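Below is one structure; the comments refer to it alone.
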Amino acid sequence: MIDLKILREDPERVRESQRRRGEDPGIVDELLDADEMRRTAEASFGALRSEQNALSKHIGHLQGRLKKASDEDRPAIQAEVEQALAGTSDLAERVKSADARRSAAEAEAAELLAKLSNVIDTDAPVGGEDDFVVVEEVGTRRDFAAEGFAVRDHVELGELLGALDIERGAKVSGSRFYYLTGVGALLELALVNHAIALATGNGFTPVIPPALVKPAAMEGTGFLGQAAENVYRLEADDMYLVGTAEVPLAAYHSDEILDAGSLPRRYVGYSPCFRREAGSHGKDTRGIFRVHWFDKVEMFSYCAPEDAEQEHRRLLAWERQFFDSLEIPYRVIDVASGDLGASAARKFDIEAWIPSQERYREVTSTSNCTEFQARRLRIRLRDDDGVRPLATLNGTLVAVTRAIVALLENHQQADGSVRVPAALRPYLGGRELLTPLA
RNA sequence: GGAGGCGUCGCCUAGUCCGGUCGAUGGCGCCCGCCUGCUAAGCGGGUUGGGGUCUCAAAGCCCCUCGCGGGUUCAAAUCCCGCCGCCUCCGCCA
């Protein structure tokens with residue numbers, strides 16, 4: 001949620017943000033009205049309640065005196081009590097209805113506020129999915145024609161290596177499911193260990209978070225808005241399967257006030273990720289590029305709002321460091337306004353080169369959510385100036401399945417074997433090459 | 001799954017039986033003063049969070065906040081109902 005003070009003082013800034021996202025700017029004015037109503041209702045309830053409190057306190061004092069009073073004083077005090085009591089029922093009724101109006105107004109304002117996406121960073125490129133800006137291209141793409149062999153895609157390579165079993169994935173769980181087997185399974189563990197080592201080496205606290213969360217965590221991170229259709233919900237228990245460790249890592253400090261001196265707090269989580277992939281029928285149906293479940297190592301950072309932009313660059317730098325170490329060519333894009341999630345003010349993706357598709361595809365994503373998630377989850381910082389919301393940021397270190405796709409395809413050899421980049425070898429028992437079975 | 005206990009403003013804690021003088025006691029910690037070769041001790045004061053109002057801002061004032069949500073009542077930390085969490089014991093189980 002955004003700051004209502006910003007909304008009141010500079011509504012046009014929020015309207016413009018909504019326009020750039022391709023969302024409804026009208027919510028801003030509805031919310032302003034609702035907020036006005038809420039404040040009015042708050043004031044009239046407060047006045048009535050104040051009156052009631054004063055009267056109630058007066059009665060309390062009288063009752064106290066009555067208990068200690070002598071027999072001859074008692075009737076006089078008793079009369080005073082009864083006089084004070086007159087009309088209290090009526091007042092109580094008025095308080096009650098004012099309270100009802102207040103909570104209705106509050107609920108309406110809250111509902112509108114929850115619909116509003118984060119205010120976009122003005123530096124983010126404006127436009128839709130295709131209007132991203134390429135920040136940088138890194139690495140050298142191989143010329144397989146020059147090397148003299150036809151590119152195999154990750155499905156073929158995975159089968160040759162005995163790393164991947166998609167047919168059985170479908171048999172057991174349906175489409176978009178898979179088994180990682182043999183070196184495939186080892187590859188996941190290697191990638192994960194490598195990522196965790198990189199993060200802990202940079203001061204992150206490693207975390208294995210719950211992948212099943214209550215509605216508050218899902219709502220708080222902003223995934224129940226337009227992204228709701230992609231979230232798995234367990235009806236019987238009113239729980240959600242997370243689509244990313246961002247959710248439990250963000251909710252980790254919900255309802256807490258963190259000492260400013262303890263910031264930034266950086267966590268690296270390893271968790272399964274579940275995505276319904278609604279609306280992507282027919283897209284990426286081959287292989288494990290787009291699946292309903294995969295494992296991921298995610299960075300998450302809590303920091304002071306004024307440091308968020310710099311922190312965002314750091315997360316991006318660590319993501320790049322990881323893909324550099326895998327020796328995979330990639331580019332960095334600055335995601336356009338219309339393609340940001342509800343929580344993000346700005347987002348950078350790393351897109352790895354996928355030889356079989358001859359194009360760059362998203363493998364990581366880092367978002368600066370500024371204070372948006374923190375407000376929803378009531379996570380604040382305390383410094384010398386008092387208490388205020390902090391900023392949250394997240395970034396992928398490795399989404400295992402997509403990393404495996406990129407790795408197999410980019411490092412394949414003519415005979416179907418796959419070269420292991422040096423950085424990964426320590427996590428694969430020193431192996432330099434993955435070779436086809438039999 | 002069954003039985004019992006507990007949840008108070010950073011931590012601990014009083015109050016809950018018998019509703020009002022509790023907008024919540026005391027200790028620890030922390031902050032600011034005083035005192036003092038230094039430190040410690042001592043003395044005095046302050047110390048939940050949110051909303052509203054006023055203001056350039058602050059101070060002030062008002063409302064809410066005793067796990068959460070309802071209810072009873074003129075009045076709820078206190079009584080009633082539901083929920084959540086933690087602990088203990090039993091059962092079951094990776």
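Side chains included, hydrogens not; waters and symmetry mates left out as well; all remaining heavy atoms used. Residue numbering restarts at 1 for every chain, and letters A, B, ... go by the order of the sequence lines. Keep in mind that this is a model prediction, so the values were computed, not measured.
- Remark: B:rA24 base-pairs with no nucleotide in the shown strands. Criterion, Watson-Crick or G-U wobble with two distances under 3.5 Å.
- In this entry the distance linking CG of A:Leu4 with C1' of B:rG50 reads 13 Å, nearest Å.
- Figure legend. B:rU47 is base-paired to B:rG29; pairs are counted as Watson-Crick or G-U wobble with both atom distances under 3.5 Å.
- Across all strands shown, B:rC83 forms a Watson-Crick or G-U wobble pair, both distances under 3.5 Å, with B:rG67.
- Distances shown here put a side-chain N or O of A:Arg38 below 4.0 Å from the OP1 or OP2 atom of B:rG52.
- A:Ile257 places its CD1 atom 10 Å from the C1' atom of B:rG10, with the value rounded to the nearest Å.
- Across all strands shown, B:rC61 pairs with B:rG52; the Watson-Crick or G-U wobble distances both stay below 3.5 Å.
- Distance A:Lys5 NZ to B:rU53 P: 11 Å, rounded to the nearest Å.
- Whole-Å rounding puts the A:Asp99 CG to B:rC64 P distance at 9 Å.
- Per the geometry, CZ belonging to A:Arg101 stands 23 Å off P belonging to B:rG51, to the nearest Å.
- Judged by a 6.0 Å distance limit and a 45° cone about the ring axis, A:Arg275 is not positioned over the six-membered ring of A:Tyr232.
- For the atom pair CG of A:Leu112 and CG of A:Asp35, the computed distance is 10.5 Å after rounding to the nearest 0.5 Å.
- Across all their heavy atoms, A:Arg431 and A:Arg425 have their closest contact at O-CG, 3.1 Å.
- Rounded to whole Å, atom C1' of B:rC63 lies 8 Å from atom CZ of A:Arg102.
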Check nucleotides 72-78 of chain B against the protein and report each pair of N or O atoms closer than 3.5 Å, with its distance, or say if there are none.
from	atom 1	to	atom 2	distance (Å)
B:rC74	O4'	A:Thr88	OG1	3.0
B:rA75	O2'	A:Ser56	OG	3.4

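- Between the CZ atom of A:Phe372 and the OG1 atom of A:Thr392 there is a distance of 10.0 Å, given to the nearest 0.5 Å.
- In this structure a side-chain-to-backbone donor-acceptor pair under 3.5 Å is missing from A:Arg290 to A:Arg176.
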Short N/O separations, protein against nucleotides 80-86 of chain B, under 3.5 angstrom:
none

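- With both ends at atom C1', the span from B:rU73 to B:rU55 equals 40 Å, rounded to whole Å.
- With 3.5 Å as the limit, one finds a donor-acceptor pair spanning the side chains of A:Thr244 and A:Lys296.
- Atom CD in A:Glu106 sits roughly 12 Å away from atom P in B:rU65 (whole-Å rounding).
- Nucleotides B:rU65 and B:rA76 place their P atoms 9 Å apart, quoted to the nearest Å.
- Using the Watson-Crick or G-U wobble rule with both distances under 3.5 Å, B:rG15 pairs with B:rU8.
- In terms of modelled atom types and a separation under 3.5 Å, the side chain of A:His411 and the main chain of A:Leu326 share a donor-acceptor contact.
- Of all non-hydrogen atoms in A:Ser117 and A:Arg21, the two that sit nearest each other are CB-NE, 3.5 Å.
- Nucleotides B:rG67 and B:rC54 have their C1' atoms positioned 35 Å apart, rounded to a whole Å.
- Residue contacts shown for A:Asn53 are limited to sugar-phosphate atoms, with no base heavy atom under 4.0 Å away.
- B:rA94 sits 28 Å from B:rG4 when the P atoms are compared, rounded to a whole Å.
- Taking the ring centre of A:Tyr179 as origin, the terminal cationic atom of A:Arg168 falls outside the region bounded by 6.0 Å and 45° from the ring axis.
- Across all strands shown, nothing is found opposite B:rA77 as a Watson-Crick or G-U wobble partner with both distances under 3.5 Å.
- The side chain of A:Arg378 contributes no N or O atom lying less than 4.0 Å from OP1 or OP2 of B:rU65.
- Pairing of B:rC89, defined by two Watson-Crick or G-U wobble distances under 3.5 Å, is identified with B:rG2.
- In this structure, A:Arg375 reaches neither bases nor backbone, as no heavy-atom distance under 4.0 Å exists between it and the strands shown.
- Across the interface with RNA chain B, nearest-nucleotide mapping of A:Arg388 and A:Leu55 shows A:Leu55 to be the residue nearer the 5′ end.
- Proximity of A:Arg380 to the phosphate of B:rG50: a side-chain N or O atom is located under 4.0 Å from OP1 or OP2.
- B:rA14 and B:rG27 have their P atoms separated by 15 Å, with the value rounded to a whole Å.
- Distance alone, capped at 3.5 Å, places no donor-acceptor pair between the A:Arg402 side chain and the A:Thr364 backbone.
- If you take CG of A:Leu381 and C1' of B:rG49, they are 14 Å apart, rounded to a whole angstrom.
- Positionally, the nearest nucleotide of RNA chain B for A:Asp35 lies more toward the 5' end than for the other of A:Asp35 and A:Gly46.
- Between A:Leu408 and A:Leu161 the shortest side-chain heavy-atom distance falls below 4.5 Å.
- Here A:Arg382 reaches the OP1 or OP2 of B:rG49: one of its side-chain N or O atoms lies under 4.0 Å away.
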